[in-house]
K.L.:
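I'd like to ask you about the structure that follows.
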Amino acid sequence: MSENSASDNEASGSSASEKAAFEQYENDLRKAERRVAGEIDPGARAVVVAVAVVLAMVSMVLSHTGSVTGLEVLTFTPEAAAERVTIVSRIFVYLVTIFGIVVSMLALLTRRWFLAWIALCGCAIACVAGMLAWWSRNTPGVGGVEPPSGVGIGLVLGWIAVFVLTFHWSRVVWARSSYQLALEDERRRQAAEQEAYAAALYRKNPHED
């Protein structure tokens with residue numbers, strides 16, 4: 001009788017320790033999965049994104065229209081006013097500066113998923129704003145007055161840069177790394193093993209709480 005009791009106590013202790021080990025393993029796996037879910041792994045795309053950011057920076061010091069640079073459009077200097085720079089050009093330059101340069105650099109350095117997502121959205125809007133800015137430099141304004149100058153190399157280069165950033169950020173944001181997939185598979189396998197183990201314990205001790 002005492003031997004049976006000792007055997008039951010030993011089995012109960014073993015079950016409790018195995019259950020605790022399962023719970024600890026599950027907690028560690030959940031923490032790792034949450035950490036990876038908040039990160040991005042751009043891989044080789046990081047080089048392309050970095051080059052596109054540099055091109056966006058260079059476009060700010062080149063001619064946006066006439067002799068007016070992107071920086072002058074950004075600060076709306078008297079020279080920019082003389083060139084009749086429209087609001088869409090200013091919006092485009094602001095978007096390139098904020099999302100194409102600042103947020104994209106932060107996303108590359110920190111590798112945070114939400115920063116990459118913000119950079120993607122901002123660069124996508126910048127693509128549309130760039131098209132409107134280009135159009136505004138070739139379209140007569142109020143009273144049929146045409147802009148003094150057309151599209152500059154800086155505007156073209158900035159537009160190409162945000163297109164490249166939009167494409168690559170979209171691929172980075174939606175891509176699922178092999179590590180994430182491996183974690184999900186491990187979570188499913190671990191959950192299945194825990195369910196099978198719990199079922200085996202119940203069949204062995206059906207009246208145990």
Side-chain angles (χ1 to χ4, degrees), residues 37-176:
E39 297 177 351
I40 58 171
D41 182 17
R45 294 184 187 277
V47 178
V48 181
V49 171
V51 171
V53 171
V54 172
L55 290 179
M57 296 172 67
V58 171
S59 73
M60 297 297 294
V61 298
L62 296 178
S63 169
H64 182 88
T65 178
S67 60
V68 178
T69 65
L71 290 175
E72 290 174 326
V73 174
L74 186 67
T75 56
F76 202 65
T77 61
E79 291 78 8
E83 286 285 349
R84 299 191 184 93
V85 173
T86 61
I87 186 65
V88 291
S89 285
R90 294 179 65 187
I91 291 174
F92 171 68
V93 172
Y94 276 113
L95 291 174
V96 171
T97 303
I98 295 172
F99 299 102
I101 298 175
V102 177
V103 180
S104 291
M105 286 179 62
L106 289 175
L108 271 182
L109 292 174
T110 62
R111 300 204 170 195
R112 303 308 299 172
W113 184 87
F114 76 94
L115 285 176
W117 174 253
I118 293 173
L120 168 62
C121 295
C123 290
I125 298 173
C127 290
V128 179
M131 179 186 66
L132 294 176
W134 191 321
W135 171 79
S136 69
R137 302 314 302 168
N138 296 282
T139 304
V142 179
V145 179
E146 294 187 4
S149 305
V151 178
I153 185 63
L155 194 159
V156 176
L157 189 61
W159 197 31
I160 293 173
V162 292
F163 262 109
V164 173
L165 287 170
T166 300
F167 173 77
H168 286 283
W169 277 137
S170 66
R171 299 297 297 270
V172 169
V173 165
W174 294 112
R176 300 180 65 83

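Note that these values count all heavy atoms, side chains included, but never hydrogens, waters or copies made by symmetry. A quick note: this is a predicted structure, and the numbers were derived from the prediction, not measured.
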K.L.:
So among Phe99, Trp169, Trp174, which one has a ring pair (Phe, Tyr, Trp, His ring centres under 6.0 Å) with Trp117?
P.N.:
Trp174
K.L.:
Would you say Ile101 and Met60 make side-chain contact, with heavy atoms under 4.5 Å?
P.N.:
yes
K.L.:
Could you pull out all donor-acceptor pairs under 3.5 Å where a side-chain atom in residues 149-158 meets a protein atom, sequence neighbours excluded?
P.N.:
residue : atom : partner : partner atom : Å
Ser149  : OG   : Glu83   : OE1          : 3.0
Ser149  : OG   : Glu83   : OE2          : 3.4

K.L.:
Going from CZ on Arg171 to CG on Leu120, what distance comes out if it is rounded to the nearest 0.5 angstrom?
P.N.:
12.5 Å
K.L.:
List the atom of Arg90, the atom of Val85, and the distance in Å for their closest heavy-atom pair.
P.N.:
CG-CG1, 4.3 Å
K.L.:
Can you name the residues that form a side-chain contact (heavy atoms from CB on, under 4.5 Å) with Ile125, not counting sequence neighbours?
P.N.:
Leu95
K.L.:
Looking only at non-hydrogen atoms, find the nearest pair between Val93 and Gly70 and report the distance.
P.N.:
CG1-O, 3.4 Å
K.L.:
Once you round to the nearest 0.5 Å, how far does CG of Leu62 lie from CE of Met57?
P.N.:
12.5 Å
K.L.:
Quiz question: by atom type and distance under 3.5 Å, do the side chains of Thr69 and His64 form a donor-acceptor pair?
P.N.:
no
K.L.:
Who are the side-chain contact (heavy atoms from CB on, under 4.5 Å) partners of Ala82, not counting sequence neighbours?
P.N.:
none
K.L.:
Indicate the ring-plane relationship of Trp159 and Trp134, choosing parallel, tilted or perpendicular according to the 30° and 60° boundaries.
P.N.:
perpendicular
K.L.:
Tell me, do Pro42 and Arg111 make a side-chain contact under 4.5 Å, heavy atoms counted?
P.N.:
yes
K.L.:
To the closest 0.5 Å, what do you measure between CZ (Phe92) and OG1 (Thr86)?
P.N.:
11.5 Å
K.L.:
Side-chain atoms of residues 161-168: list all donor-acceptor pairs with protein atoms under 3.5 Å, sequence neighbours left out, distances to 0.1 Å.
P.N.:
residue : atom : partner : partner atom : Å
Thr166  : OG1  : Cys123  : O            : 3.2
Thr166  : OG1  : Ala124  : N            : 3.4
Thr166  : OG1  : Val162  : O            : 2.7
His168  : ND1  : Arg45   : NH1          : 2.9

K.L.:
Using modelled atom types and a 3.5 Å cut-off, is there a donor and acceptor pairing between side-chain atoms of Thr77 and backbone atoms of Val73?
P.N.:
no
K.L.:
Considering residues at least two apart in sequence or located in another chain, which fulfil the side-chain contact (heavy atoms from CB on, under 4.5 Å) criterion with Thr110?
P.N.:
Arg112, Leu115
K.L.:
Let me confirm one number: the OH-CD1 distance from Tyr94 to Ile91, rounded to the nearest 0.5 Å.
P.N.:
10.0 Å
K.L.:
Keeping to residues at least two apart or across chains, list the side-chain hydrogen bond (donor to acceptor under 3.5 Å, both in side chains) pairs with something in residues 51-63.
P.N.:
none
